[in-house]
Undergrad: 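Below you will find the structure I want to go over with you.
Whatever order the structure lists them in is the order used to number ligands and atoms, beginning at 1. Basis for what follows: all heavy atoms, side chains included, without hydrogens, waters or symmetry-related copies.
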Amino acid sequence: MSFIVKRCLSTSTAKNAINNVTIIGGGLMGSGIAQVAAQAGNNVTIVEVNSDALKKADIGIAKSLERVGKKLHKDNPNDAKNFVEQIRSRINGSTDTKSAVQDADLVVEAIVENMKVKHDLFKTLDQAAPQKTIFASNTSSLSITEISSVTNRKDRFGGLHFFNPVPMMKLLEVVRTENTSDETFNAMWNWGKAIGKTCIKCKDTPGFVVNRLLVPYLSEAIKMVERGDASAEDIDIAMKLGAGYPMGPLELADYVGHDTTKFILDGWHEKFPDNPLFEPTKILEKFVKEGKLGRKSGEGFYKYN
Ligand SMILES: CCCCCCCC(=O)CC(=O)SCCNC(=O)CCNC(=O)[C@H](O)C(C)(C)COP(=O)(O)OP(=O)(O)OC[C@H]1O[C@@H](n2cnc3c(N)ncnc32)[C@H](O)[C@@H]1OP(=O)(O)O
Ligand SMILES: NC(=O)C1=CN([C@@H]2O[C@H](COP(=O)(O)OP(=O)(O)OC[C@H]3O[C@@H](n4cnc5c(N)ncnc54)[C@H](O)[C@@H]3O)[C@@H](O)[C@H]2O)C=CC1
């Protein structure tokens, strides 16, 4: 990843085609989104809060690309290496939000799951980005309509909800609000397909499709541990062997990250105060306080190397 924002020539000249993509936030999700966009030939810029965070994103992307490269070029380590370098060369890093969106056809926001922080960001982006730029949020649980409310481009705003790990998960939820124009929705949809995802259309309802079902499930699993109904290990074994999930719910909560999980549950508790499923849990509070954010920090319900 180069730290200077520079643009290559567009890889396509089709009208409304998305070639230049800026991803705000290079954490778990942003780095995955950057990777798949670059793999599809986009010129990608990742914006992060500082150069250490950019470096972390670059290392994560390189590791993931190595896994992909090894599979694509099983018998030729040199080709695998070239593949990794070629994709990485399409990704630039920046800590300057305003300059990073100057040429953007699409901006995908993947920062912390907090409405105020997202509002502050989108106010800045709306001032800095050209008129044509489409804005999308990768939010897990917040209203796209409410996020977009601080901008003057509500017709060019939608949701692009990816799944973790982005390079492996095939689904993309393409979310339209009452204000999203057909042109914007079609551009987001076509881009989703161009980067290799299977797209589904979603209205701007809480959790869209997947998280409307997944959040109560994960939340109940955490509450089961808290009540002492069963151990985290046994619940995970149960859901893998008894329901065919690739990961158990506590493994998955570790995978998502407990800061994000807590943000989601706290937000939904505020929104649905009568639903006991979203009431705060001591376990999550303790995890976040102690920096045990799951796999990304090395410890959560389980320990990771
Ligand atoms: C309470 C509130 C909570 C709300 C949460 C909201 C969060 C959201 O908004 C929405 C979400 O994203 S929810 C999370 C959705 N993700 C899942 O459910 C993942 C479930 N796990 C899996 O699919 C597999 O365990 C998985 C694919 C991850 C790994 O597979 P395995 O377990 O078989 O492990 P591996 O053998 O290591 O990997 C299998 C193949 O995948 C490749 N791979 C894995 N990670 C990769 C990555 N990051 N980059 C590139 N390649 C990757 C790996 O190389 C391997 O490939 P093969 O060698 O060909 O099998
Ligand atoms: N973790 C998951 O499984 C999923 C998360 N999401 C959503 O994606 C978003 C990001 O989540 P994660 O990647 O998991 O979080 P993360 O904590 O791994 O990454 C967030 C990144 O954003 C950066 N950041 C914060 N404020 C910024 C700003 N103003 N400008 C630039 N960078 C900034 C942080 O430094 C951090 O690296 C959230 O809205 C979350 O709900 C969506 C799908 C799945």
Side-chain angles (χ1 to χ4, degrees), residues 22-36 39 46-50 52-57 60-72 74 93-97 100 107-115 117-125 137-142 147 159-173 207-223 239-240 245-269 277-278 281 284 293-297:
T22 301
I23 314 289
I24 318 282
L28 271 182
M29 296 305 291
S31 54
I33 299 166
Q35 177 184 331
V36 295
Q39 279 179 237
I46 300 179
V47 180
E48 257 296 350
V49 290
N50 55 42
D52 282 350
L54 281 174
K55 213 166 271 172
K56 202 170 154 200
I61 292 169
K63 273 191 191 152
S64 176
L65 281 172
E66 275 159 26
R67 294 169 87 165
V68 178
K70 254 186 207 158
K71 267 186 270 177
L72 286 176
K74 269 192 238 57
S94 173
T95 53
D96 180 352
T97 309
V107 173
V108 183
E109 168 274 312
I111 66 167
V112 61
E113 187 74 342
N114 176 291
M115 187 61 81
V117 182
K118 291 197 196 281
H119 273 172
D120 289 346
L121 172 71
F122 275 111
K123 276 184 212 161
T124 306
L125 290 173
S137 174
N138 180 53
T139 181
S140 296
S141 64
L142 302 173
I147 299 174
L160 285 170
H161 185 225
F162 288 84
F163 295 83
N164 181 22
V166 180
M168 296 307 296
M169 302 300 283
K170 295 188 170 61
L171 184 69
L172 177 63
E173 292 181 326
F208 317 125
V209 173
V210 172
N211 285 345
R212 186 64 169 260
L213 300 170
L214 191 63
V215 172
Y217 160 62
L218 292 199
S219 173
E220 184 60 24
I222 294 168
K223 288 192 188 302
M239 293 313 289
K240 284 188 283 190
Y245 284 72
M247 277 179 176
L250 290 322
E251 276 179 277
L252 188 55
D254 270 1
Y255 203 64
V256 167
H258 294 302
D259 44 352
T260 302
T261 304
K262 188 171 173 339
F263 268 123
I264 295 171
L265 287 174
D266 287 351
W268 280 20
H269 177 52
L277 263 181
F278 307 132
T281 62
L284 279 188
L293 304 181
R295 197 181 277 243
K296 67 182 169 186
S297 74

Undergrad: Identify, for atom 43 (C) of ligand 2, the protein heavy atom at the shortest distance, and state residue, atom and that distance.
TA: Phe162 O, 3.2 Å
Undergrad: Is atom 33 (O) of ligand 1 less than 4.0 angstrom from at least one protein heavy atom?
TA: no
Undergrad: Can you check atom 4 (C) of ligand 1: any protein non-hydrogen atom closer than 4.0 Å?
TA: yes
Undergrad: Looking at Lys296 and Asp259, is any side-chain nitrogen of the basic one under 4.0 Å from a carboxylate oxygen of the acidic one?
TA: yes
Undergrad: Please work out which of Pro165, Ala100, Ser140, Ser141 has its closest non-hydrogen atom nearest to atom 6 (N) of ligand 2.
TA: Ser140
Undergrad: Have a look at Lys56, Glu48, Met169, Met29 and point out the one with the heavy atom closest to atom 35 (O) of ligand 2.
TA: Glu48
Undergrad: For His161, is the nearest heavy atom under 4.0 Å from an atom of ligand 1?
TA: yes
Undergrad: If we only count N/O pairs under 3.5 Å, is Val256 in contact with ligand 2?
TA: yes
Undergrad: Using the rule side chain to side chain contact (heavy atoms under 4.5 Å, CB included), only one of Ile33, Leu160, Leu172 pairs with Asn138; which is it?
TA: Ile33
Undergrad: Identify, for atom 45 (N) of ligand 1, the protein heavy atom at the shortest distance, and state residue, atom and that distance.
TA: Arg67 NH1, 3.5 Å
Undergrad: Just wondering, do Leu214 and Asn211 contact through their side chains at under 4.5 Å, heavy atoms?
TA: yes
Undergrad: Counting only heavy atoms, tell me which of Gly267, Gly25, Ala110 gets closest to atom 20 (C) of ligand 2.
TA: Ala110
Undergrad: Name the closest protein heavy atom to atom 19 (O) of ligand 2, giving the residue it belongs to and the distance to 0.1 Å.
TA: Gly27 CA, 3.3 Å
Undergrad: Within 4.0 Å of atom 18 (O) of ligand 1 (strictly less), any protein heavy atom?
TA: yes
Undergrad: Can you tell if the side chain of Met239 reaches within under 4.5 Å of the side chain of Leu252, non-hydrogen atoms only?
TA: no
Undergrad: Taking Gln35 for the side chain and Pro167 for the main chain, is one N or O donor matched with an acceptor at less than 3.5 Å?
TA: no
Undergrad: Give the minimum heavy-atom separation between Lys240 and Met247, together with the two atoms involved.
TA: CG-C, 3.8 Å
Undergrad: So which protein heavy atom does atom 1 (C) of ligand 1 come closest to, and at what separation?
TA: Thr261 CG2, 3.3 Å
Undergrad: Could you tell me whether atom 60 (O) of ligand 1 has a protein heavy atom closer than 4.0 Å?
TA: no
Undergrad: Looking at ligand 2, does any of its N/O atoms fall within less than 3.5 Å of an N/O of Lys118?
TA: yes
Undergrad: For atom 18 (O) of ligand 2, find the nearest protein heavy atom and state the residue, atom name and distance (0.1 Å precision).
TA: Leu28 N, 3.0 Å
Undergrad: Under the 4.0 Å line, does any protein heavy atom show up next to atom 21 (N) of ligand 1?
TA: yes
Undergrad: Just jot down the ligand 2 atoms closer than 4.0 angstrom to any heavy atom of Asn164, in number order.
TA: 3 (O)
Undergrad: Using a strict threshold of under 4.0 Å (side-chain N to carboxylate O), is an ion pair present between Arg295 and Glu251?
TA: no
Undergrad: Against ligand 1, does Tyr245 come closer than 4.0 Å with any heavy atom?
TA: no
Undergrad: Find out whether Phe263 and Trp268 are in side-chain contact, i.e. whether some heavy atom of one side chain is under 4.5 Å from a heavy atom of the other.
TA: no
Undergrad: What atoms of ligand 2 come within less than 4.0 Å of a heavy atom belonging to His161?
TA: 42 (C), 43 (C)
Undergrad: Do Leu265 and Ser219 come close enough that some side-chain heavy atom pair is under 4.5 Å?
TA: yes
Undergrad: In ligand 1, which numbered atoms sit nearer than 4.0 Å to a non-hydrogen atom of Phe163?
TA: 10 (C), 11 (C), 12 (O)
Undergrad: Note the single closest protein heavy atom to atom 41 (O) of ligand 1, along with its residue, its atom name and the distance in Å.
TA: Met168 CE, 3.2 Å
Undergrad: Taking heavy atoms and a distance under 4.0 Å, where does Ile264 meet ligand 1: side chain, backbone, both or neither?
TA: side chain
Undergrad: Which heavy atom of the protein is the closest neighbour of atom 39 (O) of ligand 2, given with residue, atom name and distance?
TA: Glu113 OE1, 2.5 Å
Undergrad: With the threshold set at under 4.0 angstrom, would you say Val210 reaches ligand 1 through any of its heavy atoms?
TA: no
Undergrad: For atom 17 (O) of ligand 2, what is the closest protein heavy atom, and at what distance to 0.1 Å?
TA: Lys296 NZ, 3.3 Å
Undergrad: Which of the numbered atoms in ligand 1 are under 4.0 angstrom from any heavy atom belonging to Asn164?
TA: 12 (O), 14 (C), 15 (C), 16 (N), 17 (C), 19 (C)
Undergrad: Check Leu142 against Ile147 and note the closest heavy-atom contact, atom names and distance.
TA: CB-CD1, 4.1 Å
Undergrad: Suppose I only count heavy atoms of Tyr255 and a 4.0 Å limit; which atoms of ligand 1 are within that range?
TA: 28 (C)
Undergrad: Is Ser64 touching ligand 1 with its side chain, its backbone, both, or neither, if touching means heavy atoms under 4.0 Å apart?
TA: both
Undergrad: So between Asn138, Ile111, Thr260, whose heavy atom ends up nearest atom 38 (C) of ligand 2?
TA: Ile111
Undergrad: Within 4.0 Å of atom 9 (O) of ligand 1 (strictly less), any protein heavy atom?
TA: yes
Undergrad: Hey, are the side chains of Ile23 and Val47 touching, using non-hydrogen atoms and a 4.5 Å cut-off?
TA: no
Undergrad: What closest approach, in Å, do Phe278 and His269 show between heavy atoms, and which atom pair accounts for it?
TA: O-CB, 3.1 Å
Undergrad: With a 4.0 Å cut-off, strictly under, does atom 36 (O) of ligand 1 pick up any protein heavy atom?
TA: no
Undergrad: Go through ligand 1 atom by atom and flag the ones less than 4.0 Å from a non-hydrogen atom of Pro165.
TA: 28 (C), 48 (N)
Undergrad: How does Leu214 reach ligand 1, if at all, at less than 4.0 Å between non-hydrogen atoms: by side chain, backbone, both, or neither?
TA: side chain
Undergrad: How far is atom 30 (N) of ligand 2 from its nearest protein heavy atom, and which residue and atom name does that atom have?
TA: Ile24 CG2, 3.7 Å
Undergrad: Do the non-hydrogen side-chain atoms of Leu125 and Ile24 ever get within less than 4.5 Å of each other?
TA: yes
Undergrad: Find out whether Lys223 and Thr281 are in side-chain contact, i.e. whether some heavy atom of one side chain is under 4.5 Å from a heavy atom of the other.
TA: yes
Undergrad: As an exercise, identify every atom of ligand 2 less than 4.0 angstrom from a heavy atom of Val47.
TA: 31 (C), 32 (N)
Undergrad: Within the 3.5 Å criterion, strictly below it, is a donor on Thr139 or Glu113 matched to an acceptor on the partner's side chain?
TA: yes
Undergrad: Which protein heavy atom lies closest to atom 56 (O) of ligand 1, and at what distance to 0.1 Å?
TA: Lys71 NZ, 3.0 Å
Undergrad: Contact between Phe162 and Leu171 at the side-chain level, heavy atoms closer than 4.5 Å - yes or no?
TA: no
Undergrad: Number the atoms of ligand 1 from 1 as they appear, then name those within less than 4.0 Å of a heavy atom of Leu218, with their elements.
TA: 1 (C), 3 (C)
Undergrad: What are the two closest non-hydrogen atoms of Val112 and Lys118, and how far apart are they?
TA: O-NZ, 3.3 Å
Undergrad: Please find the pair of heavy atoms, one from Ser140 and one from Phe208, that lie closest to each other, and give the distance.
TA: O-CE1, 4.4 Å
Undergrad: Looking only at distance, does Gln35 have an N or O less than 3.5 Å from an N or O of ligand 1?
TA: no
Undergrad: Give the atom numbers and elements of ligand 2 that come within less than 4.0 Å of a heavy atom of Thr139.
TA: 39 (O)
Undergrad: At under 4.0 Å between heavy atoms, is it the side chain or the backbone of Ala53 that contacts ligand 2, or both, or neither?
TA: neither
Undergrad: Which residue owns the protein heavy atom closest to atom 23 (O) of ligand 1, what's the atom, and how far is it?
TA: Pro246 CG, 3.7 Å
Undergrad: Specify the closest pair of heavy atoms between Ala57 and Gly26, including all atoms of both residues, with the distance to one decimal.
TA: CB-O, 3.3 Å
Undergrad: Does only the side chain of Ile222 get under 4.0 Å from ligand 1, or the backbone, or both, or neither? Count heavy atoms.
TA: neither
